*Asks:* 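Here you go, one structure.
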Amino acid sequence: DTGVSQNPRHKITKRGQNVTFRCDPISEHNRLYWYRQTLGQGPEFLTYFQNEAQLEKSRLLSDRFSAERPKGSFSTLEIQRTEQGDSAMYLCASSLTWDRRNTEAFFGQGTRLTVV
Amino acid sequence: RKEVEQDPGPFNVPEGATVAFNCTYSNSASQSFFWYRQDCRKEPKLLMSVYSSGNEDGRFTAQLNRASQYISLLIRDSKLSDSATYLCVVNGRENSGYSTLTFGKGTMLLVSP
């Protein structure tokens with residue numbers, strides 16, 4: 001499967017615990033996005049990388065959230081001291097970008113986080 | 001004004017009906033436009049890109065009006081399998097000079113027999 005891969009698919013954690021999600025983009029894609037989606041809402045932008053550089057971060061991304069893409073390939077999203085309001089689907093997407101123009105993004109199946 | 005705004009749903013239509021979705025965007029510097037489809041508890045998938053001249057793919061027609069900052073999606077001869085949430089997506093240039101994809105909330109379509 002050469003699509004976007006996310007792990008784990010589901011995560012249940014206790015409030016206050018730290019969690020880390022992983023995303024493996026399509027191999028030739030230089031751009032990687034993280035989005036969060038709750039029921040009845042469209043995906044909300046969190047952050048994105050152009051290769052290994054993190055270029056934009058949403059206001060939604062509090063100090064408890066951090067994302068990395070160390071070698072410009074896979075990415076991790078960590079949430080520290082989880083809160084119940086963090087419960088959502090976390091979606092990763094990747095795309096190929098040239099000349100600051102963006103082609104369509106391909107999404108992974110997401111990681112569903114439940115904080116109890 | 002929200003960055004990307006779509007018709008609130010759901011739209012309930014019978015099979016065979018024609019249905020139109022509307023979307024407006026606030027960033028006049030936006031460059032690329034897409035419609036994505038999302039099935040329940042699945043990831044969004046690209047339905048079609050939207051070009052300035054308008055484009056058609058089978059039963060689906062997308063239109064873009066840059067002057068009005070308006071995008072539409074028309075589905076003809078609706079099928080039961082068209083039932084899903086349709087997401088309007090805009091690629092806008094941010095203050096950094098780079099661009100990111102912004103999603104609308106989505107419009108749910110329910111096609112009934």
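Lettering follows sequence order; numbering is per chain, from 1. What's counted below: heavy atoms across the whole structure, side chains too, no hydrogens, waters or symmetry copies. Quick caveat, the model's predicted, so the values are computed rather than measured.
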*Asks:* Checking side-chain polar atoms at under 3.5 Å, does A:Gln37 have a donor or acceptor matched by the opposite partner on B:Gln38?
*Replies:*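 Short answer, yes.
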
*Asks:* Got a sec: does the CZ of B:Arg76 have more than 12 other heavy atoms crowding it under 6.0 Å?
*Replies:* yes

*Asks:* What part of A:Phe45 lies closer than 4.5 angstrom to a heavy atom of chain B: side chain, backbone, both or neither?
*Replies:* side chain

*Asks:* For B:Gln6, which atoms come within 4.5 Å of any heavy atom of chain A: side chain, backbone, both, or neither?
*Replies:* neither

*Asks:* Looking at B:Pro44, B:Gly104, B:Cys88, which one has more heavy-atom pairs under 4.5 Å with chain A than the rest?
*Replies:* B:Pro44

*Asks:* What distance separates A:Tyr90 OH from A:Glu44 CD, expressed to the nearest 0.5 Å?
*Replies:* 9.5 Å

*Asks:* Please set out all donor-acceptor pairs under 3.5 angstrom arising from side-chain atoms of residues 46-54 of chain B, sequence neighbours excluded.
*Replies:*
from: B:Ser52; atom 1: OG; to: B:Arg66; atom 2: NE; distance (Å): 3.3

*Asks:* Can you tell me how far CD of B:Glu5 sits from NZ of B:Lys105, rounded to the nearest 0.5 angstrom?
*Replies:* 9.0 Å

*Asks:* Measure the spacing between OG1 of B:Thr18 and CZ of B:Arg59 and express it to the nearest 0.5 Å.
*Replies:*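 Answer rounded to 0.5 Å: 10.0 Å.
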
*Asks:* For B:Tyr70 and B:Thr24, work out which heavy atoms get closest and say how close.
*Replies:*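 It is CD1-CG2, 4.1 Å.
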
*Asks:* Chain B contacts: which residues in residues 109-116 of chain A have a non-hydrogen atom closer than 4.5 Å to it?
*Replies:*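 So the qualifying residues are A:Gln109, A:Arg112.
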
